[in-house]
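Reckoned from all heavy atoms, side chains included, excluding hydrogens, waters and symmetry mates. Each chain gets a letter, A, B and so on, in the order its sequence line appears, and its residues count up from 1.
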Protein chains: 2
Amino acid sequence: MFSQSVEYALRAVVYLATHMEEPSTTEAMAATTKVPAPYLAKILQGLNRHGIVKSQRGIGGGILLAKPPAELTILEVVNAVDPIKRIKTCPLGISTHGVNLCPLHKRMDDALAMVEKAFHESTLAEVLAEPNPSVPLCEFPGVPLGVRTKAKKMS
Amino acid sequence: MFSQSVEYALRAVVYLATHMEEPSTTEAMAATTKVPAPYLAKILQGLNRHGIVKSQRGIGGGILLAKPPAELTILEVVNAVDPIKRIKTCPLGISTHGVNLCPLHKRMDDALAMVEKAFHESTLAEVLAEPNPSVPLCEFPGVPLGVRTKAKKMS
DNA sequence: CCAAAACAAGACATTTAGATCCGATATTCA
DNA sequence: TGAATATCGGATCTAAATGTCTTGTTTTGG
């Protein structure tokens, strides 16, 4: 139902939302998110073009979220990589259906609308703040990802 | 979001629900539903294997709905051709997430659950009975499809 | 300036969905 | 039985999504 690219992109932005202090390299992100590195690079390019992330080349460079997690919705990310295509006109090209869809396509579009609404209403900040024993991308329950990776670096 | 095959399959069963009296040939269905005939044939084979439709070979043969429209849900059709894959375990294979998904995947699965629920709750009969100026597959507002095609046959 | 680090961009390979074709098989009816 | 009608099943083709690779460009720091 959701493409692989969407799944990967969401993992990437979740990662970035927990690493706002400094740019993250594609390699580091790929390792944690378990996404093939070259493919992740391509997805990040797309997110960059859509203004979801910012990239910085050269030593010490990498990828940063373009805006605070509280202002970035799941829908924005999804629509950047694989837009939810609402059904606006009759797929059979029946002109007389024009404005109001037939009951069949109305139900399909309603489903799309529900998903769109749900994704529009959850921001990355909410996702990360949610009290839940499982932390996104992180193997260790209750331990914020940022803290964990920082600790790793020191060793 | 929904595959082409799902769209085609739904058109097909809607057609069949309006032609319960006698078997419909793939050709006739393809013409009305505007689905490529050879591809529709393959989709119908799948629906047949899943017990959604029954097929009858030979002269006067064709495809029939396997049960009354009131007992066939959109979900059954969707799941027969392109199943909605709920997220049951962590896609990253993080074992500690096992039972309860992380907030990210929980939201994605919630979206899938909403769609699943909506589709489970609408039967073909409901879709066709809904008071709506646009009739599925039919160009002429308010005219039931079955009547129209019968009229055509006489000419 | 030069070398290393990191992303950018496009070419290339692989896989899967979408679509087509054809010979085989089943069924009806004369 | 034989001819006509339809689906069945597999082989094939195409296009798009997914995944990989290579070369170039930007940036930093010695």
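- If B:Q45 and A:Y8 are placed on DNA chain D by their nearest nucleotide, the residue sitting closer to the 5' end is B:Q45.
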Note to self: Walk me through whether B:H50 and B:E76 qualify under side chain to side chain donor-acceptor pair (under 3.5 Å).
What the structure shows: CA-CA 9 Å; B:H50 279 85; B:E76 285 176 86; over 6 Å; no
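- Both B:S24 and A:P36 lie near DNA chain D, and the one whose nearest nucleotide falls closer to the 5' end is B:S24.
- The CZ atom of B:R57 sits 12 Å away from the C1' atom of C:dG23 (whole-angstrom rounding).
- In this entry the distance linking CD of A:E27 with P of C:dA4 reads 18 Å, nearest Å.
- Considering B:L124, B:V77, B:T33, B:I74 in turn, B:L124 is the only one that fulfils the side-chain contact (heavy atoms from CB on, under 4.5 Å) rule with B:V14.
- Whole-Å rounding puts the B:L44 CG to C:dG18 P distance at 15 Å.
- The interatomic distance linking A:L40 (CG) with D:dC21 (C1') rounds to 16 Å, in whole Å.
- Residue B:D82 is classed as having no contact, given no heavy-atom separation below 4.0 Å to the nucleic acid.
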Next item on the list: Quick one: do B:S3 and B:Y8 satisfy side chain to side chain donor-acceptor pair (under 3.5 Å)? Show the steps, please.
Entry: CA-CA 9 Å; B:S3 70; B:Y8 290 167; over 6 Å; no
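- Counting to the nearest Å, the P atom of D:dA11 and the NZ atom of B:K42 are 11 Å from each other.
- Remark: P of C:dA5 and CE of A:M29 are 20 Å apart, rounded to the nearest angstrom.
- Note: B:F119 and B:F2 meet the aromatic proximity criterion, with ring centroids under 6.0 Å apart.
- One atom, CD1 of A:I63, and another, C1' of D:dT26, lie 13 Å apart when rounded to the nearest Å.
- At whole-Å resolution of the value, CD1 in B:I43 and P in D:dT7 are 14 Å apart.
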